[in-house]
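Below, chain A is the first sequence line, B the second, and so on; all start at residue 1.
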Amino acid sequence: MTIDEQFNAIKRGTLEIVPEAALKEKLKKAQDEGRPLKIKLGLDPTAPHIHLGLAVVLRKMRQFQDFGHEVIIIIGDFTASIGDPSGKSITRPQLTEEEIKINAKTYYDQCCMILDPDKTKVVFNGQWLGELMFADVIRIVSKITVARILERDDFATRLAEGRPISMHELLYPICQAYDSVFLESDVEVGGTDQKFNILMGRDLQTHYGQAEQVGLFMPILTGLDGVQKMSKSLNNYVGITEPPKDMFGKLMSISDEMMPTYFELCTDVPMDEVESIRKELADGKLHPMDIKKRLAREIVAIYHSVEAANEAQAEFERVFSHHEIPEDMPELKLSAEDIQDGKLWIIKLLTMAGMTPSNSEARRLVQQGGVTIDGEKISDPSANIEVKDGQVIKAGKLKFARIRL
RNA sequence: GGGGGGAUGCCCGAGUGGUUAAAGGGGGCAGACUGUAAAUCUGUUAGCAAUGCUUACACAGGUUCAAAUCCUGUUCCCCCCA
């Protein structure tokens, strides 16, 4: 592959490369000198389940690896004790050392589903940030002005709205920037929410006489709700370790408008094909549902297999298109003492099956007509159900359970 | 160091002694409609075998027949002056 071809492949899906010319030069220089570029990614070890949003960034890193470069993942164990204020309006809770270790391990395992483990180095920024003396910190911090830090939108907004900003939060971007200095990174990849931090790395590297890293910004993937960014806490995510069936189902629930974006950022479908899909969707030549199934299959195949993707689709069609019951579902084992005269209160049944978190919730669900047993609607919250082995309870659209005696 | 303002349910936010499990909005959930879409409409959104009971308006006490609402102390936050 020529440098231009590499560059264009890398450019796919990116929102911005700062600056583009520098990336091309670095790629060329690396090739000429036979020296891999250091591609840096900082991970905040708070949420140990990687979802498609983060996968967008990781997949970009993987591309660099395929071109022979080295990925360095920084587990921000030190910075996690600060809590990155990026896009957050509140200060994050602090993690214990133990939690960070466990999360980092989980992160690494999951990253390897996307990255090439042989070209991936994992480091903890506590290794160097934790070693700094206060005098060192002062020296680093003195290179950055308050005005420069306050340029950051998040800080500016909070300041203007009278919400609190702690001193240690102001130090966060500088810590991240110092990571780049310490590692002498060539490229830092991140979501657009990382823009300030990554550009700060460029600033600081200059102060240390280093070549500035290139900032490569990926869009923030919108979550399943179609509004907010994909995140675990908003429960609008697809985890890369989720079973094929769940992945498929979740992906089918995205809105039509998001499909092209998902194709671009989450699959390897060539861009000209994505473009033609976009066009044909707009012209009404393609049925959105068929394309969405294709999208779901493509993504499931990346994290599982083509066969698993096909099975997931078959299951989806069985349950939702033909309204049949799923092939397998959780089972609820009932013992003799749970049952009186062969009967069990519907509310108890739902809560025991873990389908509702409380009896009150179960009561509501029944009253709203969301519960069926073997296809028969139960709408009386005081109903006693004659339980039989193999009965299927359905609560809401998605939850099924089979009774076992 | 001085002065002022604030903390309400998942989130935002109204409420300044008694029909307040707490208006309104957002989000979630369910139902209708569908393509499990999206949009829209309707209902619902503390717990409890339940025409009632228990818990709940930062935390701990107090006043009162009655407190989110009044008083005292504590914690946290914001603004202004220095």
CA sep, side-chain torsions, deciding dist, call: A/Val189, A/Leu58, side-chain contact (heavy atoms from CB on, under 4.5 Å): CA-CA 9 Å; A/Val189 183; A/Leu58 290 172; over 6 Å; no
G-U wobble or Watson-Crick pairing nucleotide for B/rG18 (cut-off 3.5 Å, both distances):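 With both distances under 3.5 Å, B/rG18 matches B/rC65.
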Say you pick atom [atom1] in [N] and the same atom in [M]; how far apart are they, in whole Å?
N      : M      : atom1 : result
B/rA22 : B/rC12 : C1'   : 16 Å
B/rU19 : B/rA67 : P     : 11 Å
B/rG73 : B/rG27 : C1'   : 37 Å
B/rU42 : B/rA56 : C1'   : 29 Å
B/rA21 : B/rU54 : C1'   : 12 Å
B/rG9  : B/rC57 : P     : 9 Å

So which nucleotide from [options] ends up closest to the side chain of [X]?
X        : options                : answer
A/Asn359 : B/rG35, B/rC29, B/rA49 : B/rA49
A/Gln368 : B/rG43, B/rA49, B/rA38 : B/rG43
A/Ser360 : B/rG35, B/rG47, B/rG31 : B/rG47
A/Glu257 : B/rA38, B/rG35, B/rU44 : B/rA38
A/Arg363 : B/rA50, B/rC29, B/rA49 : B/rA50
A/Pro288 : B/rC48, B/rG35, B/rU45 : B/rG35

Phosphate contact (B/rC48 OP1 or OP2) by A/Ser358 side-chain N/O below 4.0 Å: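 Checking B/rC48 against A/Ser358, a side-chain N or O does come within under 4.0 Å of OP1 or OP2.
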Distance below 4.0 Å between A/Arg364 side-chain N/O and B/rC48 OP1 or OP2: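 Result: no.
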Minimum side-chain heavy-atom gap A/Leu349-A/Leu334 below 4.5 Å: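 Side chain of A/Leu349 against side chain of A/Leu334, heavy atoms only: contact under 4.5 Å found.
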A/Lys399 and A/Lys394, any side-chain heavy atoms less than 4.5 Å apart: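 No, their side chains stay 4.5 Å or more apart.
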Salt bridge flag under 4.0 Å for residues A/Arg278 and A/Glu257: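 Looking at A/Glu257 together with A/Arg278, the answer is no, because their closest N to O distance does not fall below 4.0 Å.
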Inter-residue atom distance A/Met113.CE - A/Ile240.CD1, 0.5 Å rounding: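 Rounded to the nearest 0.5 Å, the CE-CD1 separation comes out at 4.5 Å.
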5′-ward residue of the pair A/Lys293/A/Gly369 relative to RNA chain B: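 The answer here is A/Gly369.
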Toward the 5' end of RNA chain B, by each residue's nearest nucleotide, A/Gly396 or A/Lys250: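 Final value for this comparison: A/Gly396.
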Between B/rA38 (C1') and A/Tyr262 (OH): distance, integer Å: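 Whole-Å distance recorded here is 13 Å.
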A/Phe320 CZ to B/rA38 P, straight-line distance once rounded to whole Å: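 It is 12 Å, rounded to the nearest whole Å.
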Polar pair under 3.5 Å, donor/acceptor by atom type, side chain A/Asp225, base B/rG27: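 No, no donor-acceptor pair under 3.5 Å.
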B/rA49 base stacked by A/Trp345 (centroids within less than 5.5 Å, tilt under 30°):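 Yes, aromatic ring over the base.
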